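Predicted model only: the values in this text are computed from it and were never measured.
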Amino acid sequence: MNVSSVARQLKVTTQELLEKLPSLGFDVGLRAIKIDDKLVPKIVAAWKHQQKRDAFRATFSDIQEIRGNEGDNLTPKEKKEVNIPEVIIVKDLAELMRLPVARLMAELMRNGIMVSLNEKIDFDTASIIAEDLGFKATKSDQAVVEESSQREKLELLLSQRTAKTTTRPPVVVVMGHVDHGKTKLLDAIRETNVVDQEAGGITQHIGAYQVTTHDHLITFLDTPGHEAFKAMRSRGGQIADVAILVVAADDGLQPQTLESIAVIQKEKLPFLVAINKIDKEGADIDRVKQQLSELNLVPEDWGGKTICQPISAKQKTGINEILDLVLLVADLNDLKADATGAAVGTIIESHVDKSEGPVATVLVQAGTLNIGDLFIVGSVSGKIKTLKDWKGKDVSQALPATPIKILGLKQIPAIGEILEVILNKKDFKAKNKNLNTYKTSSTTIHYNNQSEDLDSENILNLIIKSDVLGSAEAIEGALNKIAVEGSKAKVIKKGLGQLTEADVLNAESAKALLIGFHVKVNKALHSLADDKRVTILYFDIIYKLLEDIEARLKKLKSKKTIHKLLGKLEVLAIFKTNKKSMIVGGKVISGKIIKAAKIKLLRNNEIETIGELGSLQAGKVDVTEVVEGQEAGLEFIGEPIIQVGDTLEFFEEIYE
Ligand code: GDP
């Protein structure tokens with residue numbers, strides 16, 4: 001692509017772009033006219049990231065003001081150190097820094113990163129945020145620790161398998177420095193060697209694929225963008241039998257090549273080196289071999305043991321040789337598995353699909369995975385509903401070393417987690433009982449058995465219903481971490497699906513707030529809820545929910561507060577918008593408004609914000625009360641986000 005087109009896309013001049021590129025790590029030359037198409041998205045992403053950082057810096061002083069001076073005025077020496085792994089879940093990062101999760105999420109949002117508290121962010125993002133919050137971020141090996149427990153589990157499960165008699169395909173992982181051609185090689189292998197092209201032709205990116213060469217199957221791990229490997233790190237080594245180390249002949253060994261070699265050696269993983277891009281000017285195969293020799297990885301043709309194969313992934317040369325070598329290495333290692341009995345495997349990919357819900361790819365490592373199998377993976381249990389191979393074809397079972405997409409999950413498992421099929425229903429039930437998750441039925445409500453606190457004054461009881469499994473758990477986890485001295489939120493019940501009358505009645509008897517998260521608003525419930533004085537809150541964003549609950553907890557500190565609905569007003573006009581207030585006009589559609597009322601802004605039945613009533617007028621005269629059917633003008637003190645068409649709910653706080 002022309003540099004000028006990229007510059008236009010980024011809304012800068014060509015010169016500005018070229019001058020800034022080296023600082024973003026792209027060396028295209030100050031007089032470049034074209035940029036490699038493959039680099040363009042990376043440049044655009046890096047540019048935007050930098051812009052966000054700059055914007056963030058610009059508002060940094062404001063943030064400092066909000067936060068007080070707690071971290072940023074510290075000299076680097078005094079900064080608290082925080083040890084962050086390669087990948088970390090947002091709420092865990094908050095815990096590491098001993099900050100409320102809502103606060104961390106606010107920082108992430110300010111930095112343009114929209115994630116939920118249960119999502120993972122990488123070390124780079126986490127460290128930027130941590131440093132901006134006044135911490136000194138260092139990379140920890142915690143990921144390795146977590147991995148090792150999974151690894152031990154897998155090793156134990158596999159060691160229990162005795163009938164290791166079935167030859168299985170080798171599982172191959174491609175490693176190497178960025179841009180050295182890993183993706184291109186995986187594409188070239190897929191394109192040249194997939195025999196079965198007739199099956200619709202559409203290959204699914206499920207994190208792995210299989211090719212046939214000389215009547216032998218080979219499984220390639222093909223994680224998009226290699227993100228999974230980043231997370232899995234040595235797990236790539238744990239589940240693969242052979243590694244292909246890709247080194248670009250025109251670039252030689254680079255930092256990530258060395259990292260990959262370290263993993264290969266640590267895992268004692270058989271490997272071969274694909275010296276790629278030999279078609280390129282400047283390609284120097286001997287230089288790569290020399291560099292390998294310096295690391296004691298002397299190539300075979302130089303008298304050593306390291307298998308090297310020059311290739312061009314672009315021109316598809318040397319690809320068949322690579323496959324032959326993979327088979328050779330696999331043969332040497334005599335790969336066998338126990339294909340009988342209950343399946344055990346590792347999750348290599350997982351995501352939520354719009355139509356299919358939570359899906360994951362499992363690499364089966366022992367046994368045979370069948371439709372209908374009951375399984376446990378991490379803290380999730382389920383039953384295999386559908387199995388699809390990497391071409392998207394429905395299959396009824398999967399043998400060892402087969403990557404297979406599974407449906408029937410209630411929650412997405414983490415990459416690297418071990419899936420274990422339990423054939424005996426009783427055993428499954430027993431194991432399932434121990435899982436820290438909720439049960440399978442979509443209407444099940446999980447009762448928290450610590451009910452002795454129900455009437456305690458400073459506990460804010462909550463009943464949460466959510467759509468996706470995991471959300472309520474995540475909310476509960478985050479709520480537990482909200483620190484408001486003297487009061488705390490407690491999820492007394494949680495379940496899946498829409499809010500029901502029973503939920504309202506439960507909330508009434510437990511004096512709990514009823515929360516619907518990512519569930520459809522059930523309008524029919526509102527009059528019952530009003531009647532029972534049960535507050536129903538709907539949220540779609542965890543962050544907003546946490547903020548709301550935190551605010552409620554602060555109020556709850558000394559007294560228990562109940563919101564008594566007084567009346568509702570439909571907003572018909574916006575007269576003035578100030579920084580922290582608005583003057584609006586509207587019609588009272590039910591009840592009445594009194595001067596001392598507080599105001600909830602509802603949009604689509606979700607509370608957007610809560611404010612105070614400043615002044616109240618009817619017919620341009622100050623009044624203390626306006627009743628149903630009358631029009632009123634009022635000053636709303638709070639976040640100025642009211643729009644025409646919104647409903648304002650007026651309420652009174654009653655202390656019990
Ligand atoms: P990855 O980051 O290791 O996955 O690298 P990619 O597969 O994305 O390749 C990086 C760039 O190198 C892309 O522009 C590819 O088209 C290019 N590339 C990969 N293999 C070859 C090759 O054999 N010859 C040439 N000339 N370019 C290649």
Shortest non-hydrogen contact from Leu613 to Ala597? CB-O, 3.4 Å
Steps toward side-chain contact (heavy atoms from CB on, under 4.5 Å) verdict (Arg552, Leu462): CA-CA 12 Å; Arg552 284 166 195 274; Leu462 306 172; over 6 Å; no
If you look at every heavy atom in Ile492 and Ala512, which pair is closest and at what distance? CD1-CB, 4.0 Å
Evaluate side-chain contact (heavy atoms from CB on, under 4.5 Å) for Lys493 paired with Asn506, printing each intermediate quantity in order. CA-CA 9 Å; Lys493 288 170 196 170; Asn506 278 325; 3.1 Å; yes
Any side-chain donor paired with an acceptor under 3.5 Å for Ser527 and Asp530? no
Rounded to the nearest 0.5 Å, what's the gap from CD on Glu570 to CD on Glu631? Could you check? 10.5 Å
Heavy-atom side-chain proximity of Lys488 to Ile459 below 4.5 angstrom: yes
What side-chain donor-acceptor pairs closer than 3.5 Å can you find for residues 641-650, not counting sequence neighbours?
{"residue": "Asp646", "atom": "OD1", "partner": "Arg603", "partner atom": "NE", "Å": "2.8"}
{"residue": "Asp646", "atom": "OD2", "partner": "Arg603", "partner atom": "NE", "Å": "3.4"}
{"residue": "Asp646", "atom": "OD2", "partner": "Arg603", "partner atom": "NH2", "Å": "2.8"}
{"residue": "Asp646", "atom": "OD2", "partner": "Gln643", "partner atom": "N", "Å": "2.6"}

When rounded to the nearest 0.5 angstrom, what distance separates CD1 in Ile515 from CG in Asp548? 7.5 Å
Val44 versus Leu10: any side-chain heavy-atom pair under 4.5 Å? yes
Any non-hydrogen side-chain atom of Val571 less than 4.5 Å from a side-chain atom of Leu601? no
With a cut-off of 6.0 Å (strictly less than), are more than 12 heavy atoms of other residues, nucleotides or ligands near CD of Glu501? no
Does the side chain of Asp503 come within less than 4.5 Å of Leu525's, by heavy atoms? no
Could you tell me whether the side chain of Leu479 reaches within less than 4.5 Å of the side chain of Leu546, counting heavy atoms only? yes
Do Glu550 and Lys554 make a side-chain contact, defined as non-hydrogen atoms from C-beta onward lying under 4.5 Å apart? yes
Verify, without hydrogens or angle tests, whether Thr14 (side chain) and Ala7 (backbone) share a donor-acceptor contact under 3.5 angstrom. no
Would you give the length of the straight line joining atom CD1 of Ile463 to atom CD of Glu508, rounded to the nearest 0.5 angstrom? 11.0 Å
Distance (rounded to the nearest 0.5 Å) between Met105 CE and Ile129 CD1: 12.0 Å
Heavy atoms from other residues, nucleotides or ligands near NZ of Lys592 exceed 12 (cutoff 6.0 Å): no
At their closest point, which heavy atom of Leu18 faces which heavy atom of Ala32, and how far apart are they? CD1-O, 3.8 Å
Under 4.5 Å between any side-chain heavy atoms of Ile599 and Leu634, yes or no? yes
Under the 3.5 angstrom rule, does the side chain of Glu131 hit a backbone N or O of Ala137 as a donor-acceptor pair? yes
Find the distance between CH2 (Trp47) and NZ (Lys11) and round it off to the nearest 0.5 Å. 12.5 Å
Using atom types as modelled and distance alone, determine if a side-chain donor or acceptor of Asp36 lies under 3.5 Å from a backbone N or O of Lys38. yes
If only side-chain N and O atoms count, and only distance matters, is there a donor-acceptor pair under 3.5 Å linking Ser581 with Asn578? yes
Indicate the atoms forming the closest heavy-atom contact of Ala529 with Val504, along with that distance. CA-CG1, 3.9 Å
Evaluate the criterion side-chain contact (heavy atoms from CB on, under 4.5 Å) for residue pair Ile43 and Met1; output intermediate values, then yes/no. CA-CA 12 Å; Ile43 288 175; Met1 192 186 266; over 6 Å; no
If you define the side chain from C-beta out and look only at heavy atoms, does anything of Phe651 sit under 4.5 Å from Ile610? yes
Would you indicate whether Gln15, at its atom CD, is surrounded by more than 12 heavy atoms from other residues, nucleotides or ligands within a distance under 6.0 Å? no
I need the Phe135 CZ to Leu93 CG distance, nearest 0.5 Å. 9.0 Å
Taking the basic N atoms (NZ, or NE/NH1/NH2) and the acidic carboxylate oxygens, is any pair closer than 4.0 Å for Glu612 and Lys598? yes
Verdict with reasoning, Ile88 to Leu96, per side-chain contact (heavy atoms from CB on, under 4.5 Å): CA-CA 10 Å; Ile88 186 162; Leu96 270 183; 3.5 Å; yes
Which atom of Ala94 lies closest to which atom of Leu104, heavy atoms considered: N-CD2, 3.5 Å
Could you pull out the closest heavy-atom pair between Glu608 and Glu639, with the gap in Å? O-OE1, 4.4 Å
Do the side chains of Glu635 and Lys576 get close enough for a salt bridge, i.e. N-O under 4.0 angstrom? no
